[in-house]
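Residue numbering restarts at 1 for every chain, and letters A, B, ... go by the order of the sequence lines.
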Amino acid sequence: MERLPRAFFARPTLAVARDLLGQRLVRVLDGARISGRIVEAEAYVGEGDRACHARSGRTVRNAAMYGPPGHAYVYLIYGMHYCLNLVTEEEGFPAAVLIRALQPLEGRALMQAHRAGRPEREWANGPGKLCRALAIDRTFDKADLCAPDARLFVEADAAIPDGAVATGPRVGVTGDDAAVSAPWRFTVR
DNA sequence: GGATCGATCGGCT
DNA sequence: GCCGATCGATCCG
């Protein structure tokens, strides 16, 4: 399968988030592939987006979002979970897609081991869970998904027809202004 | 320098 | 359904 090129990420974030559905997120760990189909993603777009980590400008933590597209932005949340984002749009404009859920494909034994005895449907059905399942941590922050030797990247897989895509407000985002409650969450039905 | 709290998860009631 | 874990970036004084 073909790896998604940087040009795929260098587009409007909403389009990237929607088009990531059905694609395959691949983690190479000690030569083995662990992968899953992306089935849920959310867009975070620019300093004007009240829910975006870049809402207060550039900081050490969110620097990756200001970098070139096709890189990872990984951060620690609640002191114990990592969340994986894929940086979009042109360099200098802070935007990214949060990967919220995967359907397990390859490397299932490794995923299961990383998820300690939990049932398969709970291996990667949340942003913190999928990072554990794929062994993604802070060291992947700013990693280039388009580098030839990348250990984390996205491969073109199944295209999801519009009829199978659902949208809604982003999870865990509070506030009543229209921009914050915009339907920037994309899921596969 | 210190208090606050988050794009979450899992265990317990 | 609710709540505690756990920590570092951010913000305020």
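Between A:Arg118 and B:dG10 there is a side-chain polar atom (N or O) within less than 4.0 angstrom of OP1 or OP2. Distances shorter than 4.0 Å separate some side-chain N or O of A:Arg100 from OP1 or OP2 on B:dT8.
A:Arg24 and A:Glu2 are not joined by a salt bridge, as no carboxylate oxygen comes within less than 4.0 angstrom of a charged side-chain nitrogen. Ion pairing of A:Arg58 with A:Glu47 is absent here, as no side-chain N (NZ or NE/NH1/NH2) approaches a carboxylate O to less than 4.0 Å.
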Below 3.5 Å between N/O atoms, which protein atoms pair up with nucleotides 2-9 of chain C? Just atom names and distances, please.
| unit_1 | atom_1 | unit_2 | atom_2 | d |
| --- | --- | --- | --- | --- |
| C:dT6 | O2 | A:Tyr78 | O | 2.3 |

Requested in this report: Treat a base pair as Watson-Crick or G-U wobble with both distances under 3.5 Å, then lay out DNA chain B in dot-bracket form, 5' to 3', with | for cross-strand pairs.
Outcome: ||||||.|||||.
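Rounded to whole Å, atom C1' of B:dT8 lies 12 Å from atom NE2 of A:His53. Rounded to a whole Å, the CH2 atom of A:Trp123 is 21 Å from the C1' atom of B:dT8. Spacing between atom CG of A:Leu84 and atom C1' of B:dT8 amounts to 15 Å, rounded to whole angstrom units. Rounded to a whole Å, the CG atom of A:Leu130 is 16 Å from the C1' atom of B:dG10. In this structure, the CG atom of A:Leu98 is 11 Å from the C1' atom of B:dT8, given to the nearest Å. Going from atom CZ of A:Arg50 over to atom P of B:dA7 covers 14 Å, rounded to whole Å.
Every residue meeting the salt bridge (charged side-chain N to carboxylate O under 4.0 Å, His left out) condition with A:Arg108, not counting sequence neighbours, appears here in chain and number order: A:Glu120.
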Requested in this report: Decide yes or no on salt bridge (Lys or Arg N to Asp or Glu O under 4.0 Å) for A:Asp162 and A:Arg18, but give the supporting numbers first.
Outcome: CA-CA 9 Å; A:Asp162 284 343; A:Arg18 186 253 174 267; 2.7 Å; yes
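Checking A:Arg189, A:Arg185, A:Lys129 one by one against A:Glu40, the salt bridge (Lys or Arg N to Asp or Glu O under 4.0 Å) holds for a single residue, A:Arg185.
With A:Phe8 as the aromatic partner, A:Arg6 does not meet the cation-pi criteria of under 6.0 angstrom to the ring centre and within 45 degrees of the ring axis. By the 6.0 Å and 45° rule, A:Arg170 stacks over the aromatic ring of A:Tyr44.
The C1' atoms of C:dC3 and B:dC5 are separated by 15 Å, rounded to the nearest whole Å.
When each of A:Tyr44 and A:Arg115 is assigned the nucleotide of DNA chain B bearing its nearest heavy atom, the one mapping closer to the 5' terminus is A:Tyr44.
The backbone N or O of A:Lys142 lies less than 3.5 Å from a partner atom in the side chain of A:His71, making a donor-acceptor pair.
Other residues, nucleotides and ligands contribute more than 12 heavy atoms inside 6.0 Å of the CZ atom of A:Arg115.
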